[in-house]
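So the structure is just underneath, and the comments pick up after that.
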Amino acid sequence: MAEISQSAETVTGTSLTGTARVKRGMAEMLKGGVIMDVVTPEQAKIAEDAGAVAVMALERVPADIRAQGGVSRMSDPDMIDGIISAVSIPVMAKARIGHFVEAQVLQALGVDYVDESEVLTPADYANHIDKWAFTVPFVCGATNLGEALRRITEGAAMIRSKGEAGTGDVSNATTHMRQIRAQIKRLTSLPDDELYVAAKELQAPYELVREVAKAGKLPVVLFTAGGIATPADAAMMMQLGAEGVFVGSGIFKSGNPEQRAAAIVKATTFYDDPDVLAKVSRGLGEAMVGINVDDIPVPHRLAERGW
Amino acid sequence: MKVGVLALQGDVREHARALASFGAAVSAVRRPAELDAVDALVIPGGESTTMSKLAIEFGMLDPIRKRIAGGMPVYGSCAGMIMLADRVLDGRPDQQSFGGIDVTVRRNAFGRQVDSFEGAVVLTPFDEPFHAVFIRAPWVESVGPDVEALGRVTDGAAAGRIVAVRQGNLLATAFHPELTGDLRVHRYFVEMARAAVDG
């Protein structure tokens, strides 16, 4: 990564802040955990009580963005302050794709991670944010390996596979996790001299492609997001290779958020133990009603935002 | 020697890889029976409130406390240090640690993620400084008489704060040696654990 500018690194005495290691390391500490969408301090407390490793502050959960339409933006700073004061776990917040000033504001507010998110209305249809320029780390969505590597090139310190947010339909998250996993696996099987063309096809830098081919994994943590509504959904994503789970509308659009949130946390830790999964899946009340992704007209599909 | 890594949440794989490089048989520990099968334990970095909650709900709190009381060697990094501390400041009211090290630890003591940093720490067991990575890290606010302070922050606002401690067979660091290629802390722990286990 030496050839990429890392302008946010700051030296104080013998210490460095804002380094790639510190940013990526933060995501390593979230592994095996659940990050929950919240729109109020009260919801953030419920998430923390349930064992969330972090909360994601946003203006409206994706299901409401879908129902209400309109332009969706960064959350109100007062609301973010309120959420930061309400909990002791890390607080993430969403900025619009390409909206580097929203990201500057979120950094100034002291959020622990910025999600440059397709769930909000994009602010730039050509460029994503130059994430190297920030001390705060970024997570970005990806539907395939090329997209993930382009975001990492721009400085993303964590990737989440995209699903179709606000639907409660896990099928897109499944498709994208399988896609990313299959593309990584393919790279590991290629002879060295075919990695140049692989990089061209992925539209990603050769150095990163070679790194993935050697390690058999992304150089940053890979979570999954979008459409996860049940403990079994979360466990399935973990079995498909996700290192952790984002849950959006699935919790606070369900009948019993407290219990469902706690159950998804347990299911994420014991993702490979069907006895635990059966136990935690009982008596959760109504899951979010949900929408089939196929019923959403193509222009309204969020996962297809970002490139 | 069998070393378990507590796998309720956190950077389990990085610790497992570091331990395996010193010839330890490494396994993930999430259940009491898996704890029974190991000679020593590592508590990884992660979110201490989540680990505490899962440890309580899945019946791991008392078994781990009993093993610690029985002399099992344990190493904890960051959240793991919080889990090994007898007293935790700025935690959740219902947060429980395993305890064992007679220290008071302050959670998120260095600040939020934008304050997370890497830098050199002098550790008494080693000749050369250790390049340490601190992520929303705790520090040790006070230590009891039987606790050995192994390292302190060298400069900046937190200069002098204790960030590595040992008490008997228990070792804890506020930073994450598992995120660097420098495996001296893990080697130190494996040697310490071998000495304790082989008696």
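Looking at A/Ala54, there are no atoms closer than 4.5 Å to chain B (heavy atoms on both sides), in backbone or side chain. Both the backbone and the side chain of B/Val114 come within less than 4.5 Å of a heavy atom of chain A. Only the backbone of A/Ala50 comes within contact range of chain B, with heavy atoms under 4.5 Å apart. Only the side chain of A/Glu243 comes within contact range of chain B, with at least one heavy atom under 4.5 Å from a heavy atom of that chain. There is no contact between B/Ala157 and chain A, counting heavy-atom distances below 4.5 Å. Both the backbone and the side chain of A/Phe270 come within less than 4.5 Å of a heavy atom in chain B.
For the atom pair B/Asp11 CG and A/Leu30 CG, the distance stands at 10.0 Å (nearest 0.5 Å). Here A/Asp112 contributes atom CG and B/Ile135 contributes atom CD1; the two are 11.5 Å apart, rounded to the nearest 0.5 Å. Going from atom CG of A/Leu16 over to atom NE2 of B/His131 covers 6.5 Å, rounded to the nearest 0.5 Å.
Taking chain B as the reference chain and counting heavy-atom pairs below 4.5 Å, the highest number among A/Pro90, A/Gly25, A/Gly51, A/Gly110 is found for A/Pro90. Of the listed residues (B/Gly45, B/Gly10, B/Ala79), the one with the most heavy-atom contacts under 4.5 Å to chain A is B/Gly10. Between chain A and the options B/Gly119, B/Ser116, B/Ala132, the largest number of non-hydrogen pairs under 4.5 Å is found for B/Ser116. Contacts with chain A were tallied for B/Lys53, B/Arg92, B/Arg13; B/Arg92 has the most, counting heavy-atom pairs under 4.5 Å. By number of non-hydrogen pairs under 4.5 angstrom with chain B, the leading residue of A/Val276, A/Val265, A/Thr268, A/Asp272 is A/Asp272.
With B/Gln113 as the fixed residue, the side-chain contact (heavy atoms from CB on, under 4.5 Å) test singles out one of A/Val111, A/Val22, A/Val91: A/Val22. The side-chain hydrogen bond (donor to acceptor under 3.5 Å, both in side chains) test with A/Ser88 singles out one residue from B/Glu47, B/Gln95, B/Arg136, B/Arg107, and that residue is B/Arg107.
Using a 4.5 Å heavy-atom threshold, the side chains of A/Met29 and B/Leu179 count as touching. Using a 4.5 Å cut-off on side-chain heavy atoms (C-beta onward), A/Asp273 and B/Arg30 make no contact. Side-chain contact between A/Thr269 and B/Phe58 is absent, with no heavy atoms from C-beta onward closer than 4.5 Å. Put simply, the side chain of A/Arg21 reaches to within 4.5 Å of the side chain of B/Thr180, judged on heavy atoms.
Other residues, nucleotides and ligands contribute only 12 or fewer heavy atoms inside 6.0 Å of the NZ atom of A/Lys279. Other residues, nucleotides and ligands place no more than 12 heavy atoms under 6.0 Å from the CZ atom of A/Phe100.
A/Thr17 places no side-chain N or O within donor-acceptor distance of the main-chain N or O of B/Asp115, the cut-off being under 3.5 Å.
Counting only residues at least two apart or on different chains, no side-chain hydrogen bond (donor to acceptor under 3.5 Å, both in side chains) pair has a member in residues 190-199 of chain B.
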